[in-house]
Number of protein chains: 2
Amino acid sequence: MRIGELAERAGTTPRTLRYYESRGLLPARRGSNGYRAYDESDLRLVEQIKVLQDFGFGLEETRPFVECLRAGHPEGDSCPASLAVYRRKLDELDALIGELESVRAKVRGQLERAEEARARLAAEAELPGGPEPLCELAEAALSADAAVPAHVTYENKG
Amino acid sequence: MRIGELAERAGTTPRTLRYYESRGLLPARRGSNGYRAYDESDLRLVEQIKVLQDFGFGLEETRPFVECLRAGHPEGDSCPASLAVYRRKLDELDALIGELESVRAKVRGQLERAEEARARLAAEAELPGGPEPLCELAEAALSADAAVPAHVTYENKG
DNA sequence: GTAATCCTTGACGCCGACGTCAAGGAAAGC
DNA sequence: GCTTTCCTTGACGTCGGCGTCAAGGATTAC
């Protein structure tokens with residue numbers, strides 16, 4: 001099997017497979033014409049990498065699984081090193097999820113506080129003798145130096 | 001206030017502040033010597049950006065907050081555009097957290113399955129007439145072509 | 001005065017996992 | 001034989017948010 005077929009069967013691209021090879025994850029035999037030659041076991045390697053990538057594993061983290069398979073084990077996670085990666089990833093996931101939930105709570109708190117503040121301002125505006133109700137955009141336009149910035153200069157690009 | 005002082009007071013670096021300016025987030029007046037000149041209101045802008053960055057907001061997502069402050073509003077989230085960003089971020093966070101929890105469940109399942117498989121193999125090895133207990137590493141070393149790859153070729157680096 | 005520190009702009013580096021383009025050889029269909 | 005498709009290597013581009021270095025001018029401390 002050549003690189004194009006392996007890529008198609010694995011649902012990826014030749015470029016990706018060459019990249020894996022460059023990282024030492026997917027060594028390839030060569031035919032007499034210089035073309036890379038793969039077999040079914042290579043398909044398993046690529047599939048293993050794909051599954052882990054979908055889990056959010058970095059390429060380096062897939063290495064123990066790939067080497068486990070290449071060593072002849074039935075599954076990529078038949079080796080202790082792979083299990084260690086699983087456990088480390090679970091810890092990372094727990095930490096990350098915890099942080100994200102903390103952030104979500106804070107953002108939600110900010111949103112609620114800001115909405116309440118706006119509601120208060122709106123209520124005051126309704127009251128007789130309240131402040132002039134200024135349009136959001138109009139307010140911005142009132143101060144001259146706060147006009148739309150036309151200077152947007154991107155780095156290294158003009 | 002010059003850029004170094006503002007950076008220090010905001011807990012960031014001059015490079016970062018120049019970067020914000022290049023993105024149109026933090027316009028700076030200039031002194032007669034060409035130095036950037038900032039005041040307390042600029043410190044508020046930078047602090048607003050920092051808070052949102054800590055929440056995981058991208059720089060572009062902080063723009064409505066910064067423009068809101070620059071328009072003279074009391075808070076960066078006093079404007080509807082900022083609230084919209086809050087809501088969008090909450091949705092993104094919910095989606096992301098959900099995905100991560102799904103991945104965590106899958107990884108945990110994989111870990112448990114793999115641990116169970118190893119336990120079964122260990123138990124079989126204990127039984128009389130069971131298979132030869134092969135060392136994890138020894139097994140890998142047995143197949144010659146699966147030896148440690150010494151070819152690790154990094155892209156564009158040798 | 002002079003050395004140390006601050007400021008300026010410009011430009012390249014970094015990380016990760018590839019995408020994309022280029023120049024050229026091999027293979028496959030007709 | 002000819003065209004199209006596939007393969008090869010090499011090298012630059014992408015995205016975000018800066019870090020870091022370079023060359024040179026301004027300010028400040030002593």
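When reading the values below, keep in mind they use all heavy atoms of this one structure, side chains included, and skip hydrogens, waters and symmetry mates. All chains are named by letter (A, B, ...) in the order of the sequence lines, taking the proteins before the strands, and each is independently numbered beginning at 1.
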Rounded to whole Å, the CZ-P distance (Arg30(A) to dC6(D)) equals 19 Å

Between Glu47(B) and Arg9(B), does any side-chain N to carboxylate O distance fall below 4.0 Å?
no

Arg23(A) atom CZ is separated from dA17(C) atom P, nearest whole Å, by 8 Å

Measure from CZ on Arg18(B) to P on dG19(D) and round the result to the nearest Å.
11 Å

dG19(C), OP1 or OP2 - any side-chain N/O from Thr16(A) closer than 4.0 Å?
yes

State whether Arg36(A) places a side-chain N or O below 4.0 Å from either non-bridging phosphate oxygen (OP1 or OP2) of dT8(D).
yes

Should Gln53(B) be listed as having a side-chain N or O under 4.0 Å from OP1 or OP2 of dC18(D)?
yes

Between Arg118(A) and Leu83(B), is a side-chain contact (heavy atoms from CB on, under 4.5 Å) present by the stated rule, with each step listed?
CA-CA 10 Å; Arg118(A) 287 190 64 79; Leu83(B) 300 187; 3.4 Å; yes

Specify the separation, in whole Å, of atom CD of Glu60(B) and atom P of dC15(D).
13 Å

From dT9(D), dA17(C), dT9(C), pick the nucleotide closest to the side chain of Tyr19(A)?
dA17(C)

Rounded to the nearest Å, what distance is computed from the CZ atom of residue Arg15(A) to the C1' atom of nucleotide dT8(D)?
13 Å

Phosphate contact (dC7(C) OP1 or OP2) by Asn33(B) side-chain N/O below 4.0 Å
no

Figure out the CD/P separation between Glu21(B) and dG10(C), and round it to whole Å.
12 Å

Leu17(B) atom CG is separated from dG17(D) atom C1', nearest whole Å, by 13 Å

Of the nucleotides dT8(D), dC6(C), dT9(C), which one has an atom closest to the side chain of Tyr35(B)?
dC6(C)

May I ask you to verify if any side-chain N or O of Thr13(A) is less than 4.0 angstrom from the OP1 or OP2 atom of dG19(C)?
yes

For Tyr38(A) and for Ile49(B), locate the closest nucleotide of DNA chain D by heavy-atom distance; then report the residue assigned to the nucleotide nearer the 5' terminus.
Tyr38(A)

Can you check whether Arg2(B) has a side-chain N or O nearer than 4.0 Å to OP1 or OP2 of dT5(C)?
no

Give a yes or no on whether Glu101(A) atom CD has more than 12 heavy-atom contacts from other residues, nucleotides or ligands under 6.0 Å away.
yes

What is the distance, to the nearest angstrom, from the NZ atom on Lys50(B) to the C1' atom on dG17(D)?
14 Å

Lys89(B)/Glu92(B) salt bridge by N-O under 4.0 Å criterion:
yes

Let's go through Arg104(A) and Glu99(A) carefully: what are the C-alpha distance in whole Å and the side-chain angles of both, what is the deciding distance for salt bridge (Lys or Arg N to Asp or Glu O under 4.0 Å) to 0.1 Å, and is it a yes or a no?
CA-CA 9 Å; Arg104(A) 178 174 58 180; Glu99(A) 286 176 26; over 6 Å; no

